[in-house]
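Computed from a prediction, not measured in an experiment: that's the story for all the values here. We name chains A, B, ... by the order of the sequence lines, and we start the count at 1 in each one.
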Number of protein chains: 4
Amino acid sequence: MTNRNVSKEERRNSLLSAALSAFGKRGYHETQVSHIIKEAKVARGTFYLYFESKRVIFDELVTKISQKIESCIHPIDKSIASEIPQQILDNITRVTDLLLKNPLYLKVFLSDAVGLDREFDERLRRFYHRVLLNIQKGLNQGQELGLVRSGNTKIISVCLLGSLKEIYYQHVLGTTKAKTHEIVEEVYLLVLHAVVEPNILAKMLP
Amino acid sequence: MTNRNVSKEERRNSLLSAALSAFGKRGYHETQVSHIIKEAKVARGTFYLYFESKRVIFDELVTKISQKIESCIHPIDKSIASEIPQQILDNITRVTDLLLKNPLYLKVFLSDAVGLDREFDERLRRFYHRVLLNIQKGLNQGQELGLVRSGNTKIISVCLLGSLKEIYYQHVLGTTKAKTHEIVEEVYLLVLHAVVEPNILAKMLP
Amino acid sequence: MTNRNVSKEERRNSLLSAALSAFGKRGYHETQVSHIIKEAKVARGTFYLYFESKRVIFDELVTKISQKIESCIHPIDKSIASEIPQQILDNITRVTDLLLKNPLYLKVFLSDAVGLDREFDERLRRFYHRVLLNIQKGLNQGQELGLVRSGNTKIISVCLLGSLKEIYYQHVLGTTKAKTHEIVEEVYLLVLHAVVEPNILAKMLP
Amino acid sequence: MTNRNVSKEERRNSLLSAALSAFGKRGYHETQVSHIIKEAKVARGTFYLYFESKRVIFDELVTKISQKIESCIHPIDKSIASEIPQQILDNITRVTDLLLKNPLYLKVFLSDAVGLDREFDERLRRFYHRVLLNIQKGLNQGQELGLVRSGNTKIISVCLLGSLKEIYYQHVLGTTKAKTHEIVEEVYLLVLHAVVEPNILAKMLP
DNA sequence: AATGAATGAGGTTTCATTCAT
DNA sequence: TATGAATGAAACCTCATTCAT
C-alpha cells in the first residue's frame, strides 16, 4: 500500500520523477502508465488524479527540463568587453553541467521529445528558436564590435547549438564519456576559433 | 484495385516509398500499416507479403537511407594536400544536397529513428560512430601535417557532426530555409575557422 | 454494463463457465473470445485481465474437468474382497453421473481437447495414462487373487476405458440417450463378464 | 517447378496424399493450405483447381478413410454357426491391420475429424451409427441363437466399438505399442468373455 | 484522496481464397 | 492447365483511461 502521509505536492513530484525515470529508461512510447505508477508506488487511479494523461505528464516534464536549461543561460553583460568570453564560458559550463549530471534530462529531451507529434515538434522548435535567437544576437553584436568574424550568423548559431547538442547526444548514446570541464574547454576553443575574428583570436589564446 | 502489372521489385519499392512518405509525415508511432498500404494502393495482406512487420519495413528504410548518406562520403585522396579542402567541400555538398532534396530522409533519420527502442538506438550509435571515426581520422592526419590546429579531435569531430545535423534538423523543423550552396559555404567556412591552423587559414581565405 | 459487484473470484468463475458453455457449443477453434465475453457480459480487456489468452482459459478448463473426473475415482479398499465390486461400481457411477449431468464437460474433453496441438495431446495422453495405470493395477491384483481371468491387462484396461469413453461420446453425439443407472449397470455387467474369472462370475450373477 | 507430365488423376491423388500427411502431422486446424501444396509440390492456385477448399479435401479424405474401414468389415455368413467367431475375428483383424499400418488414417479419423463442426460431427455420427447397427444386429442374432448372453445390445455394441477405438487411439498417442495379432487376439478374447453365453464360452476356450 | 477492476477503441497479423497472366 | 501475387475478412491482444468503491 502507498504511504498516505504525503502532501499532494510530494505525491505529484514523486510521480514526476518516476515518470522521468521511466521515460528516460524506455522512451515515451515504450513507457506505459503501469511503469510510472509502479515506480511511484501509486495506484492507477491516483495517477489520473494528478495528471490528465500520459501525454500531459510528459509535457510537464519537458517543460520543466527546458526551463531548467534556460535558467542556466544567463544574459550576457556586455558593458565590459573583456569579460564576455568568460560569461559565455560560464553559460556553456552551467548547461553542460546540468545535462551531464542528469542524463535522464538528456534522454528525454533529445530522444523522446523528438518526433513525438506535430504539436510537440512545434514546442521544441520554439525552444530552439529562442536559444538560437539568443546566440545569433550575441554573434551580431560581436560582429558590430569587430570581435566576431563575418558570416551568416544564423547558420553559425545553428552550428554552435548543434555542436553542443551532439556532444550531449553522443554522451547519452555512450559514444563519448568526456567530463564537463573537458567538454566545456574544447567547445569553448572550438567556438573561439569558429567565430572570433582571427586578429582578436590571436590575442585571446595563450 | 491495384495495378497487378508490376514486378515484385517494383511493388517492394512502391511499398518502401509509401512507407517513407507515411513515416515522414506522421513519425513512426503515429504511422499505421493502414496509412502505408493506402498510400501504396495495396491490400493489407500484400504488405505482409513483402515485409514481416511495420518495424521491419522501417528498419529497411533506415538502412537504405544511411547507406545513401554514407555513399555520399567519398574517401579523401591525401596525395595532393591542396586539393583536400575541395574534397571535403564536395563531401559536405553531396550529403547536404541529398538530405535537403529528400526532407523525408531527414525526418525519418533525425526524428523517427531516434529513441525508437534499444536496438535501434544501438544501430544509430554505430552509424554515427563510423561517421565520427572518419572525421576524427581526417583531423588527426591534418594535425600530423600541421594543417589542423591542436585540440581533442574526438570532441571536435562530434561538434562538426553536430553542426551539420543541426542544420539539417532545423531545416526539417522549418526554422531555416537556406539553400544547399549557402549552407555548404557557411559550414565550410565554419569548419575552416574551427579547425584549421590559423597560419594556414590565413592563406586559404580570400 | 457489467455488474461490478462481484469478487475477482466470481468474475473468474463466470468467465470460466462462459468459456465452458462457448467451447461446448462450438468447439475450441470456432469459439472466439468475443463469444466468451459476450456470454460473460464482460469487456474484451477484462477477459485478458484474468486469462492470458483463449488457449490459457481452455487449458484451465480442461485441467479443472480432468481434476473433477479424477476426484470421482476413489481408491479401492481391498481389505474385504466381497466389497470390491461395489466400490468399482461406485466409481463408474460417480464418473458417469458427473459426465452425463455435465454434457459440456464431455464435449470439451472428448472433442475439443483432442488433436488441438502436440502439447495438449501430451496432456491428454498423461491423463489417460494415469487412469489406465489405475485400472491395470486393479486388474493385476484381481489376477493375483484369482478373481480376474488371465489376459493382457494392459490391453484389457484400454478396452474398459474405451468402453466408457465411447458410451459418453455416443451420448454427446446423441446416438444413445440412456440414463446413468442403465449405463452403469450394463457397463458393470460387461466388465464382469469381460474380466472376471468364469467360476467366480457364476457366483456373482443373480 | 512442378512436373507437368502427370494426369489429372495423379495430381489429385498426390494432393490427397499430401493432405493426409499434413493433416496427420498437424491436425486439421494447424494445417495450412501452404503445407499441403508444399508437400505436393504444386502451386497455390492448382490446389483450388482440384478442391474447392481446405475443408473439401479434408471431407474427401475422411470419406475415403471411412470407406476403406467399412470395406474391411465383411458381412457375416451365419449359415454355419461354428464359423461365425472366425469371421468376426477376421473382420477385427482386417480393420486393425488397416489402421495400424496407416497411423495417419487413425490420426485424421480419431483426432482431427472430431469436433470439427456440427456438419462433420453429424457425418461421424452416421458412420459410427452404421457400424454400431451392424454390431448390434449381430449381437441380437446371437442372442436369438442362444450364443450371446442377455443384456442391452445397444450399450454392449457401443462398448465393443469403444474398446477398439480406444486401442487405436492409445496407439496413436503412443501409450501402447502392441502388434496387430496381439491386439486382435486380446480383443477377441475380451469380446468372447464379454458377450458370449457362459456355457457356450466354456466350450470355445481351449 | 486513493484504489484497481473494468473498459473498448484500435492496432497488428494471419491465411483461405481469388484471379490475371 | 498451372501459377503465385494479391486480397481482405476476421481474429487476437494491448493499454490509456474511466469509475464505482
Side-chain angles (χ1 to χ4, degrees), chain A residues 1-8 11 29-37 41-57, chain B residues 1-8 10-12 29-35 37 40-55, chain C residues 1-8 10-12 29-35 37 40-56, chain D residues 1-4 6-8 11 29-37 41-57:
Chain A
M1 287 299 123
T2 304
N3 176 13
R4 287 176 178 241
N5 285 323
V6 291
S7 72
K8 287 183 77 170
R11 173 114 323 149
H29 290 282
E30 306 267 292
T31 296
Q32 296 167 209
V33 173
S34 318
H35 299 136
I36 300 174
I37 61 175
K41 288 189 179 115
V42 144
R44 194 163 284 267
T46 308
F47 176 89
Y48 288 90
L49 235 43
Y50 289 88
F51 300 94
E52 281 170 60
S53 68
K54 172 180 153 183
R55 175 56 197 270
V56 160
I57 198 177
Chain B
M1 290 295 127
T2 303
N3 176 13
R4 286 181 177 237
N5 279 324
V6 291
S7 71
K8 287 184 87 170
E10 284 171 307
R11 171 104 329 140
R12 232 190 116 77
H29 290 282
E30 306 269 292
T31 296
Q32 298 166 209
V33 172
S34 316
H35 299 137
I37 61 176
K41 290 197 179 104
V42 144
R44 196 160 285 268
T46 307
F47 176 88
Y48 287 93
L49 217 53
Y50 290 89
F51 302 96
E52 281 169 60
S53 66
K54 172 180 144 181
R55 175 58 199 268
Chain C
M1 289 295 127
T2 301
N3 175 14
R4 286 180 178 238
N5 277 324
V6 290
S7 72
K8 285 184 89 171
E10 285 171 306
R11 172 105 329 143
R12 232 190 116 77
H29 291 283
E30 306 269 293
T31 297
Q32 296 165 210
V33 172
S34 318
H35 298 137
I37 61 176
K41 289 192 177 109
V42 144
R44 194 161 287 269
T46 308
F47 175 88
Y48 288 92
L49 218 52
Y50 289 89
F51 302 95
E52 280 169 62
S53 66
K54 170 180 144 182
R55 176 56 197 268
V56 160
Chain D
M1 289 295 123
T2 302
N3 175 11
R4 289 177 177 236
V6 290
S7 72
K8 288 182 77 171
R11 174 118 320 151
H29 291 284
E30 306 267 291
T31 296
Q32 295 167 209
V33 172
S34 317
H35 299 136
I36 300 174
I37 61 175
K41 287 187 179 116
V42 144
R44 195 163 283 267
T46 308
F47 175 89
Y48 287 90
L49 235 41
Y50 289 89
F51 300 95
E52 282 170 59
S53 68
K54 173 181 152 182
R55 175 57 197 271
V56 160
I57 197 176

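Pairing for dT21(E) goes to dA2(F), judged as Watson-Crick or G-U wobble with the two contacts each under 3.5 Å. Across every strand in view, dA1(E) sits unpaired, with no contact that passes the Watson-Crick or G-U test at under 3.5 angstrom.
Distance NE2 (H35(C)) to P (dA10(F)): 12 Å, rounded to an integer number of Å. One interatomic measurement links the two molecules: CD1 of I37(A) to P of dT3(E), which rounds to 10 Å at whole-angstrom precision. One can place CZ of R12(B) at 13 Å from P of dA5(F), the figure rounded to the nearest angstrom. Atom-to-atom, CZ of F47(C) to C1' of dA11(F) comes out at 13 Å; the value is rounded to the nearest Å. Rounded to an integer number of Å, the gap from NZ of K41(A) to C1' of dT3(E) is 17 Å. In this entry the distance linking CD of E30(C) with C1' of dA11(F) reads 13 Å, nearest Å. Atom-to-atom, CZ of R55(C) to P of dA11(F) comes out at 19 Å; the value is rounded to the nearest Å. The separation between H29(B) atom NE2 and dT14(F) atom C1' is 15 Å, rounded to whole Å.
The residue S34(B) sits apart from the nucleic acid: no heavy atom pair falls under 4.0 Å. At the heavy-atom level, Y50(A) lies under 4.0 Å from the strands shown only through sugar-phosphate atoms.
In this structure, T46(B) reaches the dT7(F) phosphate: one of its side-chain N or O atoms is under 4.0 Å from OP1 or OP2. Contact between the side-chain N/O atoms of K54(C) and the OP1/OP2 oxygens of dA11(F) is not found at any separation under 4.0 Å. Here R11(A) does not reach the OP1 or OP2 of dA1(E): none of its side-chain N or O atoms lies under 4.0 Å away.
Of the candidates dA11(F), dA2(E), dC15(E), dA11(F) carries the atom nearest the Q32(C) side chain, counting heavy atoms from C-beta on. Of all nucleotides listed (dA6(F), dA5(E), dA2(E)), dA2(E) comes nearest to the side chain of L49(A). Nearest to the side-chain atoms of Y48(A) among the listed nucleotides dT18(F), dC13(F), dT17(E) stands dT18(F).
In this structure the side chain of Y50(A) never reaches within 4.5 angstrom of the side chain of I57(A), judged on heavy atoms. Side-chain contact between S34(B) and R44(B): present, with at least one pair of heavy atoms (C-beta onward) separated by less than 4.5 Å.
The NE2 atom of H35(C) sits 9.0 Å away from the CD atom of E30(C) when rounded to the nearest 0.5 Å.
Side-chain atoms of R44(D) stay outside donor-acceptor range of the base of dT18(E), with no qualifying N/O pair under 3.5 Å.
Remark on DNA chain F: of its neighbouring residues E52(A) and E52(C), the 5'-side contact belongs to E52(C), judged by nearest-heavy-atom nucleotide.
In terms of heavy atoms, F47(B) sits closest to I37(B) at CB-CG2, 3.7 Å. Here the shortest heavy-atom pairing between K54(D) and H29(D) reads NZ-O, 3.9 Å.
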